[in-house]
Amino acid sequence: MRQTLCDKYGFDKVGRERRLALLGFGVEDLELAQLLQTKVLVPNRQAIIEAFYEFIMGKPEMAVYVDGPEILERLKQEHADYLASLGVDYCSSGYFENRLQIGMTNARIGLPLGLYLAANRLLVDLIMRCFPPDIIQQPELCLNLSRFVNRIVNLDMSLAIEIYHRTEVQDLESSVHDLLHERANLTSQVQRDALTQVASRQYLLDILAQEVEQALAKRIDLTIAMADLDHFKNINDTLGHLIGDRVLKEVAHRITTSVRDRDLIGRYGGEEFLLVFPDTSLAVAQQVAERIRQHIASTPIHLQEHSIPITISIGLTHFNPDDSLESLLQRADNAMYAAKQAGRNCVSVL
């Protein structure tokens, strides 16, 4: 069953009674509503509409929302329907639903709230000008009917404005959600390497710089590793770059599944990976690096009809108090080249 606007915005019987009480409606208003229709609106509805739109079309800021004669005629008919229902069974859910729908329409077409309020004040004035002599000649009745006209139009405005406001808020929340989602996607693109889905080089270096500051300030351990696939150029040259890319993705996956949650892995460039082991001694990091090496070397990578053996050379180094970010990275790079010179498929420590 479709949810009504009354259901959605809390205008059940109790909600409607609260809104009516807030605006000062009483039992006498039921008779005044009938009097308004029979004595004022039914005989003068068309005159009120013509005067209303004559004024509207003379104001450029309002006329801009009336795009051509067909739109004007449609608006006049809708306004005629509105006046025909003004105050009729105003306690009912149907009345509230109709007025909430008007607010929804105003919000969707982007009608400024200020113009909507001004138009309703004009409408009140036009209605009161149409009070017949027999009502005007009874001051108390005229006053009570005038107050009712204000109350009923205020009820309609309160409902339309409420849903207008909520619709605006919902649209704003939706826009904010979309922006946050877009920012998260952009952040993810910056932080992750597009191919391997491990950390990007720049993000990795930013985090490593923070870890260096932490290690220096708090005198805690920090170990890093530079890892490079062995003979990867041969894979690209013989099997093609598409296969090479898939090998890199698989190696990145194996490294990721071999480290601890606290460790950070990133693609440093080409087939090189940088591993950061925060608050980790050299001995413990060496155990992790050896686990990575074994996991990669133990099983060939199976892609299509190819079975590709792959190994990795890892250079490991520990942060010293006199290190800079550059010197730490350079030493890790030297350690990795030492592993290459030692025959590859091994872990070297400097």
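Values below: every heavy atom of this structure, side chains too, minus hydrogens, waters and symmetry copies. In this text the structure is predicted, and so the values were computed from the model without any measurement.
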*With sequence neighbours excluded, what pairs up with Glu61 under the side-chain hydrogen bond (donor to acceptor under 3.5 Å, both in side chains) test?*
none

*asked:* More than 12 heavy atoms of other residues, nucleotides or ligands under 6.0 Å from OH of Tyr337: yes or no?
replied: no

*Examine Ile56 and Tyr82 and state if one hydrophobic cluster contains both, with Ile, Leu, Val, Met, Phe, Trp and Tyr joined whenever side-chain heavy atoms are less than 4.5 Å apart.*
yes

*Ignoring hydrogens and angles, tell me if any N or O in the side chain of Thr299 forms a donor-acceptor pair with the backbone of His295 under 3.5 Å.*
no

Hey, can you pull the donor-acceptor pairs under 3.5 Å for the side chains in residues 341-350, sequence neighbours left out?
residue	atom	partner	partner atom	Å
Asn345	OD1	Arg293	NH1	3.0
Ser348	OG	Ala335	O	3.4

*Atom CD1 of Ile301 and atom CD1 of Ile243: how far apart are they, to the nearest 0.5 Å?*
10.5 Å

_With a 4.0 Å cut-off on N to O distance, would you call Arg74 and Glu78 a salt bridge?_
yes

*Is any NZ, NE, NH1 or NH2 atom of the basic residue among Arg129 and Asp125 found under 4.0 Å from an Asp or Glu carboxylate oxygen of the other?*
yes

Under 3.5 Å, side-chain donor or acceptor atoms of residues 268-286 against the rest of the protein: list the pairs with distances, not counting sequence neighbours.
residue	atom	partner	partner atom	Å
Thr280	OG1	Arg260	NH2	2.7
Thr280	OG1	Pro278	O	2.7
Ser281	OG	Val284	N	3.3

*Lys76 atom NZ, over 12 foreign heavy atoms within 6.0 Å*: yes

*When rounded to the nearest 0.5 angstrom, what is the spacing between CZ in Phe11 and CZ in Arg18?*
11.0 Å

*Please check if any side-chain donor atom of Gln46 sits under 3.5 Å from a side-chain acceptor atom of Glu50, or the reverse.*
yes

